**Q** 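Submitted below is the structure of interest, expressed as structure tokens.
The model shown is predicted, which means the values in this text are computed figures rather than measured ones. The sequence lines fix the lettering, A, B, ..., with proteins before strands; numbering per chain opens at 1. Heavy-atom basis, side chains included; hydrogens, waters and symmetry copies ignored.
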Number of protein chains: 4
Amino acid sequence: MDDHSDQTRKPRADAVRNRERVLEAAKAVFNAGGPEASLEAVAKRAGVGIGTLYRHFPTREDLFEAVYRREVEQLSELAEHLRSAKDPVEALRRWLQSAVEFVATKKGMLAALALAYQSSSELAVFSMDRLTKAIGSLLERAVAAGQMRADIVPEDLLRAFFGMCYMHDKPGWQSSVLRLLDVFVDGLRVQSAAKTRARVAKPAKPAVKRKR
Amino acid sequence: MDDHSDQTRKPRADAVRNRERVLEAAKAVFNAGGPEASLEAVAKRAGVGIGTLYRHFPTREDLFEAVYRREVEQLSELAEHLRSAKDPVEALRRWLQSAVEFVATKKGMLAALALAYQSSSELAVFSMDRLTKAIGSLLERAVAAGQMRADIVPEDLLRAFFGMCYMHDKPGWQSSVLRLLDVFVDGLRVQSAAKTRARVAKPAKPAVKRKR
Amino acid sequence: MDDHSDQTRKPRADAVRNRERVLEAAKAVFNAGGPEASLEAVAKRAGVGIGTLYRHFPTREDLFEAVYRREVEQLSELAEHLRSAKDPVEALRRWLQSAVEFVATKKGMLAALALAYQSSSELAVFSMDRLTKAIGSLLERAVAAGQMRADIVPEDLLRAFFGMCYMHDKPGWQSSVLRLLDVFVDGLRVQSAAKTRARVAKPAKPAVKRKR
Amino acid sequence: MDDHSDQTRKPRADAVRNRERVLEAAKAVFNAGGPEASLEAVAKRAGVGIGTLYRHFPTREDLFEAVYRREVEQLSELAEHLRSAKDPVEALRRWLQSAVEFVATKKGMLAALALAYQSSSELAVFSMDRLTKAIGSLLERAVAAGQMRADIVPEDLLRAFFGMCYMHDKPGWQSSVLRLLDVFVDGLRVQSAAKTRARVAKPAKPAVKRKR
DNA sequence: GATGAATGAGGATTCATTCAT
DNA sequence: TATGAATGAATCCTCATTCAT
């Protein structure tokens with residue numbers, strides 16, 4: 001085959017390395033300085049020229065995309081694993097807890113979530129969609145099982161989670177958020193048998209009604 | 001005291017007027033463009049020279065301070081009014097609800113809260129202190145009455161409230177936040193059969209009354 | 001009257017000076033480096049900060065405008081003076097000669113003319129219009145007097161003049177252009193019967209054959 | 001001669017092909033975007049890597065050279081053909097007319113001519129030399145035949161021609177230039193006494209006919 | 001006190017050119 | 001040889017901030 005028809009020749013080793021470096025640097029820098037951070041700072045931290053950064057990611061959005069998309073996917077996959085858990089309420093609780101961990105580790109996560117709420121870029125739409133579906137599937141199960149109130153939509157939960165995590169600067173924020181999520185999930189539970197009965201007396205199963 | 005030694009003599013009329021104008025403009029501009037907004041934009045909107053703005057508020061922080069401090073105080077005072085309410089849990093719930101309203105109206109509020117969490121400026125310290133005390137007093141009563149879990153500190157609540165409000169861009173955010181706060185307060189309640197019964201028994205509609 | 005209502009307070013002395021400096025520098029720099037020249041080079045040559053340049057002329061076009069508009073007007077006025085000359089052909093010849101001088105002195109002129117032909121900015125339209133009218137009035141008189149061929153429009157003349165001047169780099173270009181314009185005006189003259197006859201006598205029709 | 005010492009051995013087939021591609025692309029790109037056009041744009045259009053372009057043409061000038069030299073030669077050869085024409089004045093007129101056509105078709109021509117005047121690169125020197133000789137030979141004949149004024153040098157003519165063509169953007173530029181060249185050649189003709197007399201004779205007001 | 005001019009640092013972006021593969 | 005990645009200089013433009021009037 002002719003060289004010219006070979007569209008995807010082996011990517012050059014240094015190119016791959018640099019791409020990776022830039023991504024790493026971008027995570028760190030966007031984290032520290034927010035999404036407005038200087039691209040030159042990213043390049044410098046990555047140890048590459050600014051031109052190299054631009055070659056790999058022609059626009060700021062492209063860089064965002066590359067940094068955050070995978071993180072969103074991982075969080076989404078986590079939800080899928082948890083769908084097989086026995087207790088649906090606990091599954092949701094665990095997802096939220098794991099998500100906190102996730103945010104703590106791969107901090108870029110937060111920016112991705114913020115993006116999902118604030119912007120309307122392609123990435124934001126993707127993120128919102130993906131996460132909404134992830135939480136939605138967990139929520140739905142719990143509601144269908146009659147263990148959770150039906151008036152909370154996935155977007156609400158996403159907002160709550162995101163919001164609680166958002167200010168993750170102060171030391172100890174993790175335990176604070178974990179406490180809050182705990183309270184929150186408690187609030188979501190359909191309350192005690194008596195309560196439940198009372199509520200069951202009413203129509204019940206409104207979950208199906210949601211547009212889903 | 002002699003007039004000449006009086007440091008704060010009659011402030012010139014136009015100076016007062018300009019100060020007010022700048023404050024108004026700053027609220028509007030920071031609201032629209034975030035706290036990074038251009039100070040020249042503020043001056044222009046206020047109809048004064050940039051130099052005038054700087055005379056009144058030598059640093060960006062000073063301007064923030066002047067814009068937001070009063071808003072924080074108002075929110076704090078609200079808590080004091082609610083201390084006299086009968087049901088301490090409902091008092092807290094109502095404070096949170098009112099705070100949402102507050103944020104919806106005087107949007108600068110959010111910036112003030114964000115500041116409280118993120119920065120460590122004088123204003124931030126002041127805000128944090130003030131709001132923590134406000135929420136703390138409500139929380140304390142409810143805990144003391146045995147109606148609320150004791151493992152949540154005021155800072156947690158502040159974070160939860162702030163976080164939930166933070167993404168106030170999408171239309172309908174208010175009702176979303178109100179739903180979430182409702183769930184949250186439910187989660188805060190000490191769960192006892194008696195209480196539950198009581199709830200069902202009594203009219204107890206404050207939360208239910210909202211359109212939900 | 002209140003300061004606020006005084007829209008055009010006396011322009012600050014240094015501001016005026018700087019504006020003038022920038023204009024001077026711009027003329028020189030655009031001349032040397034063409035219209036693509038760096039604005040920072042202009043600022044540097046003017047001895048002002050780049051910000052100052054931008055304050056006075058927010059866009060590159062604004063600067064062009066300020067630099068060239070007046071030159072075009074002067075050239076136009078020259079045509080008006082010449083309308084009162086006795087011999088219309090000589091008036092046109094003199095205008096062209098003076099224009100060469102003009103170009104030699106205020107070299108920015110050339111750029112203005114180039115602009116008139118190439119771009120379609122407001123300035124270009126203005127220039128084209130103004131110069132077309134200027135030449136047109138001279139041309140018209142000569143044609144009306146039966147001393148000049150009628151198949152040449154002002155735009156043609158403008159192009160000829162502009163073109164001949166365009167390469168004004170080599171030493172001695174002025175005399176070259178003056179010679180050429182002389183030839184050109186000769187060619188514009190209505191040719192006597194005798195000459196015409198002579199020409200017709202010979203075969204020599206290639207030029208006549210063209211659509212003309 | 002030994003194959004090994006032969007500096008210009010079989011040029012690799014693809015190398016030849018690429019060279020040609022680059023040249024074609026360069027013509028097109030320089031035409032569209034002027035001589036400042038991006039070399040990467042050229043490479044992209046040629047479908048080769050930027051490195052390949054540089055291998056074939058180490059400097060921008062080299063590329064210019066390769067693109068334009070042949071065009072200049074063609075124009076020069078045209079002059080030689082016309083030397084055998086009967087009427088020397090008409091020969092010159094026809095050369096100029098053909099040159100306009102040439103410029104219209106192979107637009108790169110203009111750039112070559114511009115180069116000849118503005119720069120002093122090797123190519124410019126070559127072009128200037130070649131074209132000066134070409135025009136010079138035609139001019140000389142006409143002057144020698146007593147049909148043309150003797151005070152115009154080849155460089156003058158070149159300048160006139162080049163200048164008139166230079167702004168070849170507007171639609172209809174060709175006919176405008178052809179008209180102008182016609183006038184110009186008329187002006188070059190040696191004028192006779194008889195001619196002048198005749199001129200005064202006619203009153204002629206065709207001026208009114210122009211659209212004005 | 002008010003004004004707005006001046007300044008320059010900072011950050012985005014584009015390309016010519018060199019070099020590793 | 002061909003490729004395209006890497007580099008950084010050059011330029012544009014925006015503001016925060018200081019100062020002359």
**Q** Round to a whole Å and report the spacing from CD of Glu61(B) to P of dT17(F).
**A** 11 Å
**Q** Counting distance alone, no hydrogens or angles: does the base of dC15(F) have a donor or acceptor under 3.5 Å from a partner atom on the side chain of Glu36(B)?
**A** no
**Q** May I ask you to test the Glu24(A)-Arg21(A) pair for a side-chain heavy-atom distance under 4.5 Å?
**A** no
**Q** Mind calculating the distance between CZ (Phe30(C)) and C1' (dT11(F)) to the nearest angstrom?
**A** 13 Å
**Q** Side-chain contact test, heavy atoms from C-beta onward, threshold under 4.5 Å: evaluate it for Leu63(A) versus Val22(A) and give yes or no.
**A** yes
**Q** Can you say whether the rings of Phe30(B) and Phe64(B) are parallel (under 30°), tilted (30 to 60°) or perpendicular (over 60°)?
**A** perpendicular
**Q** Measure from CZ on Arg19(C) to C1' on dA6(E) and round the result to the nearest Å.
**A** 16 Å
**Q** When you get a sec, tell me which of dA6(E), dA2(F), dA2(E) is the closest nucleotide to the side chain of Asn18(B)?
**A** dA2(E)
**Q** Pull out every residue in residues 44-53 of chain A that has a heavy atom closer than 4.0 Å to any atom of DNA chain F, ordered by number, or say none.
**A** Val48(A), Gly49(A), Ile50(A), Gly51(A), Thr52(A)
**Q** Within this structure, what is the CZ-to-P distance between Arg21(D) and dT1(F), rounded to whole angstrom?
**A** 17 Å
**Q** Give the rounded distance in Å between these two atoms: CG of Asp14(A) and C1' of dA6(F).
**A** 8 Å
**Q** On the nucleotide dA12(E), are OP1 or OP2 found under 4.0 Å from the side-chain N or O atoms that Arg60(A) carries?
**A** yes
**Q** Can you find a heavy atom in the side chain of Phe57(B) that is under 4.5 Å from one in the side chain of Leu39(B)?
**A** no
**Q** Give the minimum heavy-atom separation between Val48(B) and Leu53(B), together with the two atoms involved.
**A** CG2-N, 4.4 Å
**Q** In terms of side-chain heavy atoms of Ala15(D), which of dC12(F), dA16(E), dT1(F) is nearest?
**A** dT1(F)
**Q** Counting side-chain heavy atoms from C-beta on, which of dT17(E), dA2(E), dT1(F) comes nearest to Leu39(D)?
**A** dT17(E)
**Q** Taking the side chain as every heavy atom from C-beta outward, state whether Leu23(B) and Glu20(B) have any pair of such atoms under 4.5 Å apart.
**A** yes
**Q** Let's see if you can work this out: which of dA16(F), dG11(E), dC12(F) has an atom nearest to the side-chain heavy atoms of Glu40(B)?
**A** dA16(F)
**Q** With distance as the sole test, does Asp62(B) use its side chain to make a donor-acceptor pair with the main-chain N or O of Thr59(B) at under 3.5 Å?
**A** yes
**Q** Over all strands shown, is Ala37(C) touching base, sugar-phosphate only, or nothing at heavy-atom distances under 4.0 angstrom?
**A** sugar-phosphate
**Q** Does Arg17(D) form a side-chain contact (heavy atoms from CB on, under 4.5 Å) with Asp14(D)? I'd like the steps, not just the answer.
**A** CA-CA 5 Å; Arg17(D) 184 166 18 86; Asp14(D) 57 342; 3.3 Å; yes
**Q** If you assign each of Pro58(B) and Tyr54(C) to its closest nucleotide in DNA chain F, which residue comes earlier from the 5' end?
**A** Tyr54(C)
**Q** Closest nucleotide of DNA chain F for Ser38(B) versus for His56(A): which of these residues is on the 5' side?
**A** His56(A)
**Q** Find the distance Arg17(C):CZ to dT21(F):C1' and express it as a whole number of Å.
**A** 12 Å
**Q** What heavy-atom pair brings Ile50(A) and Ala43(A) nearest, and what distance separates the two atoms?
**A** CA-CB, 3.9 Å
**Q** Which whole-number value in Å describes the distance from Arg55(D) CZ to dG4(F) C1'?
**A** 14 Å
**Q** Dot-bracket for DNA chain E, please. Rules: Watson-Crick or G-U, both distances under 3.5 Å, ( ) within the strand, [ ] when a pair crosses earlier ones, | for another strand, . otherwise.
**A** .||||||||||||||||||||
**Q** Any donor-acceptor pair under 3.5 Å linking the side chain of Arg60(A) with the backbone of Pro35(A)?
**A** yes
